[in-house]
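Here is the structure we will look at.
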Amino acid sequence: MPLWLTAIVLVVAMTFAYMFCIRPTLRGQGHCATPREDPELDRQIAELREEVRVLRAQDVLASGRVVGGRPGTPPVDD
């Protein structure tokens, strides 16, 4: 495929994405910006966020780092 044809296809794709997704989303009218109305999905997301929080806390405990200390203070080893 010639370079000029590739450039034209790229410009057309970018224009299409801007006109039909990005621009309406910025205005709050697009389908890309519709809010979720699925309580099951919201529950799953909340569970995954909690799992990530727990895993991060376990990592901090395993590494011996102190979270919430003053910046610049070295980690505390017991």
Side-chain angles (χ1 to χ4, degrees):
M1 181 181 274
L3 184 60
W4 61 269
L5 184 58
T6 305
I8 289 174
V9 169
L10 177 66
V11 169
V12 168
M14 290 173 55
T15 302
F16 180 82
Y18 177 77
M19 293 299 292
F20 295 105
C21 190
I22 297 171
R23 188 169 151 233
T25 299
L26 292 175
R27 292 182 176 184
Q29 306 167 350
H31 296 289
C32 299
T34 56
R36 293 186 314 266
E37 296 183 11
D38 185 5
E40 178 65 22
L41 181 61
D42 290 338
R43 184 189 60 77
Q44 289 176 352
I45 290 172
E47 286 177 0
L48 291 171
R49 285 184 176 152
E50 178 64 17
E51 185 177 347
V52 168
R53 187 190 65 76
V54 168
L55 290 172
R56 285 183 178 157
Q58 288 174 350
D59 180 48
V60 167
L61 289 174
S63 68
R65 293 179 290 173
V66 175
V67 177
R70 291 179 295 165
T73 57
V76 176
D77 290 330
D78 292 328

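If you're wondering where the values come from, they're calculated on a predicted model, not measured in any experiment.
No option in V60, V54, D59, V52 other than V52 meets the side-chain contact (heavy atoms from CB on, under 4.5 Å) test with R56.
With sequence neighbours excluded, the residues forming a salt bridge (charged side-chain N to carboxylate O under 4.0 Å, His left out) with R43 are E40, E47, listed by chain and number. Residues meeting the side chain to side chain contact (heavy atoms under 4.5 Å, CB included) test with L61, sequence neighbours left out: none. Remark: T15 engages V11, M19 in a side chain to side chain contact (heavy atoms under 4.5 Å, CB included) (not counting sequence neighbours).
Clustering ILVMFWY residues whenever any of their side-chain heavy atoms sit less than 4.5 angstrom apart, transitively, puts I22 in the very cluster that holds F20.
In this structure, L3 CG and I8 CD1 are separated by 10.0 Å, a value rounded to the nearest 0.5 Å. The line from CD of Q58 to CZ of R53 is 10.0 Å long, rounded to the nearest 0.5 Å.
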